[in-house]
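These notes concern the structure reproduced below.
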Amino acid sequence: MSASSGIRFDSVTVAYDGNVVLDALDLTVGPGEVMALLGPSGSGKTTALRAVAGFVRPASGRVLLGDRDVTGLPPHRRGIGMVVQSYALFPHMRVEDNVAFGLKARKVSRAEIRERVGEALEMTGMAAYARRHPRELSGGQQQRVAIARALAIRPGVLLLDEPLSALDAQLRSGMLAELARLHRELPDVSMLYVTHDQVEALTLADRIAVMDNARLRACGTPRALYRAPADAFTASFVGGANLLPVTVGVAGVSFGDAEIKVATEGVAPGATATLCVRPHLVGLGDGPNRLTGTVGEVQWRGATHRLLVDVAGHRVMADVRELRTPPVVGEAVRLHFASDDVVLLPAGVGRG
Ligand SMILES: Nc1ncnc2c1ncn2[C@@H]1O[C@H](COP(=O)(O)OP(=O)(O)OP(=O)(O)O)[C@@H](O)[C@H]1O
Ligand SMILES: [Mg+2]
């Protein structure tokens with residue numbers, strides 16, 4: 001591998017025809033760190049990756065790999081591997097030639113190419129398929145080849161743009177485990193990983209960066225963003241959340257008729273705010289912070305039941321352990337949650 005480096009966006013702005021699609025992004029991915037990029041469609045995730053890879057030139061700001069300013073360097077001189085959703089293999093080339101492609105372009109010797117192609121195919125479990133063409137492979141196998149191709153150049157940085165989203169759910173979870181293993185085998189490689197899938201982000205990432213409309217909205221460990229999101233947008237993007245509009249009182253907040261005990265420091269009494277309650281932390285039946293409502297929908301999900309309960313004009317999601325006799329639609333029920341399990345956020349909607 002080339003020297004472990006890490007990635008630094010130093011106030012990177014990208015514009016197309018005067019439209020700013022990445023707005024002064026400051027973000028650092030440490031050496032060997034996996035950073036997931038989450039955010040709605042069009043928020044600038046792919047653009048951020050392309051700026052690192054060198055496929056798009058920032059209007060201002062700098063991209064650094066380690067302490068090397070690469071803003072002006074062409075893509076092939078950056079030492080970066082990139083994997084995209086659509087595999088992008090050359091259909092007329094055998095697997096081994098696809099994997100060798102970047103090395104040939106870099107004028108690596110034939111002996112060295114043979115060694116590195118073998119190593120990359122071994123790492124991705126594709127050594128037995130070296131002589132095949134892409135059309136003779138499944139989607140998952142093609143994506144492994146694409147990953148092998150990215151690894152063959154021994155990159156210091158690996159960029160992954162929704163690499164698993166074209167695969168079906170079962171394959172995705174298998175490949176997710178493979179990517180985690182790859183990262184353990186290549187502990188110095190920094191990864192920037194775009195995904196729509198929260199499970200991927202929570203499983204793989206050391207930290208998550210949440211993008212919203214060309215800007216970085218939040219960045220932190222999965223745990224911190226999940227347990228203590230700074231705003232409703234981040235809460236809804238990192239894990240499912242009930243976002244309840246509440247009115248702040250002295251010792252807590254009110255939601256409909258219910259009084260909820262929660263820390264309110266920093267929020268003025270009388271203000272409106274948003275209470276973030278994770279569905280799996282809502283209990284059915286009596287308890288602290290009780291809500292009373294009517295069951296609107298019951299979804300059986302195997303190990304759990306998801307109850308959608310109408311409370312004060314809002315649908316509250318509660319994921320409870322599978323019930324022997326779940327409530328029926330129209331039934332009056334009580335829900336509760338612990339004060340420690342909820343977070344009070346500034347007023348505002350989640351993702352829209
Ligand atoms: N080559 C281009 N020319 C003009 N506008 C572009 C170009 N590429 C991207 N954009 C615009 O830049 C914005 C950000 O696009 P980008 O591809 O980075 O979004 P994204 O977060 O990756 O979205 P998705 O989740 O849908 O892949 C979008 O509004 C898009 O239309
Ligand atoms: Mg994209």
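Just so you know, ligand 1 is whichever comes first in the structure, and atom 1 is the first atom listed for that ligand. Worth saying up front: this structure is predicted, and the values here are computed from it rather than measured.
- Using a cutoff of 4.0 Å between basic side-chain nitrogens and carboxylate oxygens, Asp97 and Lys104 are scored as salt-bridged.
- For Arg114, the CZ atom counts as loosely surrounded, since its 6.0 Å shell holds 12 or fewer non-hydrogen atoms of other residues, nucleotides or ligands.
- Atoms of ligand 1 found under 4.0 Å from any heavy atom of Ser43 (numbered from 1 in listed order, with element): 19 (O), 21 (O).
- The environment of Arg321 atom CZ is sparse: at most 12 non-hydrogen atoms of other residues, nucleotides or ligands sit within 6.0 angstrom.
- Counting protein heavy atoms under 4.0 angstrom from atom 30 (C) of ligand 1 gives zero.
- The atoms of ligand 1 that sit less than 4.0 Å from any heavy atom of Pro40 are 21 (O).
- Contact analysis leaves Gly39 out of contact with ligand 1, as no non-hydrogen atom separation drops below 4.0 angstrom.
- Within the 2.8 Å limit, Thr47 places no N, O or S atom next to the Mg ion (ligand 2).
- Less than 4.0 angstrom separates some heavy atom of Thr47 from each of these atoms of ligand 1: 14 (C), 15 (O), 16 (P), 18 (O).
- A donor-acceptor pair shorter than 3.5 Å cannot be found between the side chains of Asp319 and Thr304.
- For Glu162, the closest heavy-atom approach to ligand 1 falls below 4.0 Å.
- Both the sub-6.0 Å distance and the 45° axial angle are not jointly satisfied by Arg149 relative to the ring of Phe101.
- Between Glu297 and Arg315 there is a salt bridge, since a side-chain N of the basic residue sits under 4.0 Å from a carboxylate O of the acidic one.
- At least one heavy atom of His196 sits under 4.0 Å from some atom of ligand 1.
- Not a single heavy atom of Ala48 lies less than 4.0 angstrom from ligand 1.
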- Task: Begin with the C-alpha distance, continue with both residues' side-chain angles, and end with the deciding distance and a verdict on side-chain hydrogen bond (donor to acceptor under 3.5 Å, both in side chains) for Asp69 and Thr71.
- Result: CA-CA 6 Å; Asp69 182 343; Thr71 320; 2.5 Å; yes
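- Counting only non-hydrogen atoms, the option in Leu38, Leu22, Val194, Val21 that gets closest to atom 13 (C) of ligand 1 is Val21.
- Remark: Arg223 CZ is loosely packed, at most 12 non-hydrogen atoms of other residues, nucleotides or ligands lying under 6.0 Å away.
- Side-chain contact check for Ser165 and Asp197: no donor-acceptor pair (N or O, by modelled atom type) lies under 3.5 Å.
- In terms of protein heavy-atom proximity, atom 23 (O) of ligand 1 is closest to Gly42 N, 2.8 Å.
- Listed by atom number, the atoms of ligand 1 under 4.0 Å from Thr46 heavy atoms are 17 (O), 18 (O), 20 (P), 22 (O), 27 (O).
- Scanning all protein heavy atoms for the shortest distance to atom 9 (C) of ligand 1 gives Tyr16 CE1, 3.6 Å.
- Numbered from 1 in the order shown, with element, the atoms of ligand 1 that lie under 4.0 Å from a heavy atom of Lys45 read 18 (O), 20 (P), 21 (O), 22 (O), 23 (O), 24 (P), 25 (O).
- The nearest protein atom to atom 26 (O) of ligand 1, hydrogens excluded, is given as Ser41 OG, 2.5 Å; this is a heavy-atom distance.
- Here the closest heavy-atom approach between residue Ala166 and residue Gln85 is recorded as CB-O, 4.0 Å.
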